[in-house]
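Comments concern the structure below.
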Amino acid sequence: MRAIAEPPPKNAIGVVVYGDKRLEVPTVGLGIGRDSGNEIVIESEFAAGEHARIVAADGRWFVSDLESANGTYLNGERLLGASRWLQSGDAISVADE
């Protein structure tokens, strides 16, 4: 999975582009992982059920790795149980997708 953060539309906190989909990031956040309850479902044995989450705070948004075994990558940097603020154009990778 490769998601690219883009500038948000006027009434959204943020937008994630995943494949041909544009998903608004709601105030409660956006889940990434293998479980079907996530907004972005990764069908890979290397993705955890609840692998990562994009969350809004202080008028910005950040990505958090949810202590997955294989980590979440932000612009090539491995986040293992860590969070990082997102900037427009950042790339998030989970399970080599």
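Numbers here simply count residues along the sequence, with the first being 1. Values below: every heavy atom of this structure, side chains too, minus hydrogens, waters and symmetry copies.
- The main-chain N or O of A52 is never found under 3.5 Å from a side-chain atom of D65 such that the two would form a donor-acceptor pair.
- The shortest side-chain heavy-atom distance between R53 and V63 does not fall under the 4.5 Å cut-off.
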For the pair R60 and Q87, evaluate side-chain contact (heavy atoms from CB on, under 4.5 Å) and give the outcome as yes or no after the intermediate values. CA-CA 9 Å; R60 300 169 58 192; Q87 302 293 322; 3.7 Å; yes
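- Here the CD1-CG distance, from I42 to D96, works out to 11.0 Å after rounding to the nearest 0.5 Å.
- To the nearest 0.5 Å, atoms CG (N75) and CG (D90) are separated by 4.5 Å.
- The nearest pair of heavy atoms linking G76 to Y73 is O-CD2, 3.6 Å.
- A continuous path of hydrophobic side-chain contacts links V55 to W85 [ILVMFWY only; heavy atoms under 4.5 Å].
- Atom OG of S68 sits about 11.0 Å away from atom CZ of R34, to the nearest 0.5 Å.
- Between atom CD1 of residue I92 and atom CD1 of residue I54 there is a gap of 3.5 Å, rounded to the nearest 0.5 Å.
- In this structure, N70 contributes its side chain and A95 its backbone to no donor-acceptor pair below 3.5 Å.
- Here the rule is side-chain contact (heavy atoms from CB on, under 4.5 Å) with T72, and of I32, V94, L66 only V94 fits it.
- With rounding to the nearest 0.5 angstrom, the CD1 atom of I40 is 12.0 Å from the NE2 atom of H51.
- Here CD of E39 is found 11.5 Å from NZ of K21. Values are rounded to the nearest 0.5 Å.
- Shown here for W61 and V15, the closest heavy-atom pair between the two residues is CH2-O, 3.3 Å.
- In summary, R84 and E77 engage in a salt bridge, as defined by a charged side-chain N under 4.0 Å from a carboxylate O.
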